[in-house]
Amino acid sequence: MAVRDPDGGSDPHRSEPANGRNPLVRRADRIEAWCSAALVALLFAGVPTASLGVGRVAYESEMHTVRAQAAERHRVQARLTADAEVMAQTDTDGTSRAPVRWAEGNGAQRSGTAAVAPGTAKGSTVRIWVDRTGTVTTAPMPEKAAVATGWAAGFLTAGLVTAWGFGARAVMRRLLDRRRYARWEHEWEAFEPQWSRRYHP
């Protein structure tokens with residue numbers, strides 16, 4: 001592409017402008033390149049930071065539950081007051097629920113319904129979990145569950161931030177394309193009459 005020389009004329013031997021910019025690269029192209037570079041940098045910095053932060057918060061929240069349940073629940077030895085296979089229905093985890101009775105540390109007698117192995121006979125002793133009020137409950141949440149929750153939250157956050165980044169780039173690209181098409185249409189409207197007169201006299 002010919003460009004004007006410093007004296008105002010046109011130098012046919014020069015194909016690049018004096019400022020070193022490619023004349024085929026328009027402002028919208030430069031904006032897209034700058035935004036893409038900034039977005040990549042943001043993702044490289046933001047994905048690890050966000051995923052680690054969210055994962056840590058989720059882990060600490062679950063660990064609070066782990067510590068609270070460990071402090072509030074304890075195991076006792078109980079005795080079945082009826083056959084499990086007769087008195088209870090089998091749960092989805094393969095256990096049955098049966099009536100049990102046990103003694104607290106102060107000697108108080110308690111009773112409730114606990115999950116036991118199917119077929120456990122009346123009079124058998126089992127170990128069950130109870131809370132501070134003496135209510136039969138489940139085992140406290142293990143620490144590995146908190147770790148798994150933290151990792152899951154971190155990976156989910158990384159995926160969401162990455163998806164947001166690609167979505168933002170797609171929106172930016174679409175907006176810039178609209179600007180390019182409008183510019184091309186405007187330039188073609190100005191150039192088309194000259195082209196028509198030259199090739200279609």
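- A donor-acceptor pair under 3.5 Å is absent between the side-chain atoms of Thr120 and the main chain of Val116, judged by distance alone.
- Between the CD atom in Glu143 and the CD atom in Glu62 there is a gap of 12.0 Å [rounded to 0.5 Å].
- Separating the CZ atom in Arg174 from the CZ atom in Arg169 is a distance of 15.0 Å, to the nearest 0.5 Å.
- A chain of hydrophobic side-chain contacts below 4.5 Å, direct or via other Ile, Leu, Val, Met, Phe, Trp or Tyr residues, connects Val126 to Val76.
- Sparse packing is recorded around NE2 of His64, with 12 or fewer heavy atoms of other residues, nucleotides or ligands lying under 6.0 Å away.
- Although no hydrogens or angles enter the test, the distance criterion places a donor-acceptor pair under 3.5 Å between the side chain of Thr149 and the main chain of Ala145.
- Identified under the side chain to side chain donor-acceptor pair (under 3.5 Å) test for residues 45-56, with sequence neighbours left out: Arg56-Glu60.
- The side chain to side chain donor-acceptor pair (under 3.5 Å) test applied to Thr81 returns no partner, not counting sequence neighbours.
- Closest of all the heavy-atom pairs between Ala58 and Ala153 is CB-CB, 3.7 Å.
- Counting Ile, Leu, Val, Met, Phe, Trp and Tyr side chains that sit under 4.5 Å apart, directly or through other members, Trp151 shares a hydrophobic cluster with Tyr59, Met63, Val66, Met141, Val147, Phe155.
- The side chain to side chain contact (heavy atoms under 4.5 Å, CB included) test applied to Ser111 returns Arg101, not counting sequence neighbours.
- Counting only heavy atoms from C-beta outward, the side chains of Ile128 and Val100 approach each other to under 4.5 Å.
- Closest approach of Gly134 to Trp102, counting heavy atoms only: O-CZ2, 3.2 Å.
- Between the side chains of Thr138 and Arg73, at least one donor N or O sits under 3.5 Å from an acceptor N or O.
- When side chains are defined from C-beta on, Val130 does not count as touching Thr135, because their heavy atoms never get closer than 4.5 Å.
- Within the 3.5 Å criterion, the main-chain N or O of Lys122 finds a donor-acceptor partner in the side chain of Asp83.
- For the pair Leu39 and Phe166, the minimum side-chain heavy-atom distance is 4.5 Å or more.
- Through chains of ILVMFWY side-chain contacts below 4.5 Å, Leu156 is grouped with Leu160.
- By the side chain to side chain contact (heavy atoms under 4.5 Å, CB included) test, Arg132 pairs with Ala71, Glu72, sequence neighbours left out.
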Determine whether Val136 and Thr113 satisfy the following criterion, side chain to side chain contact (heavy atoms under 4.5 Å, CB included), listing intermediate values before the conclusion. CA-CA 7 Å; Val136 178; Thr113 302; over 6 Å; no

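- Considering all non-hydrogen atoms of both residues, Leu43 and Gly165 come closest at CD2-CA, 4.1 Å.
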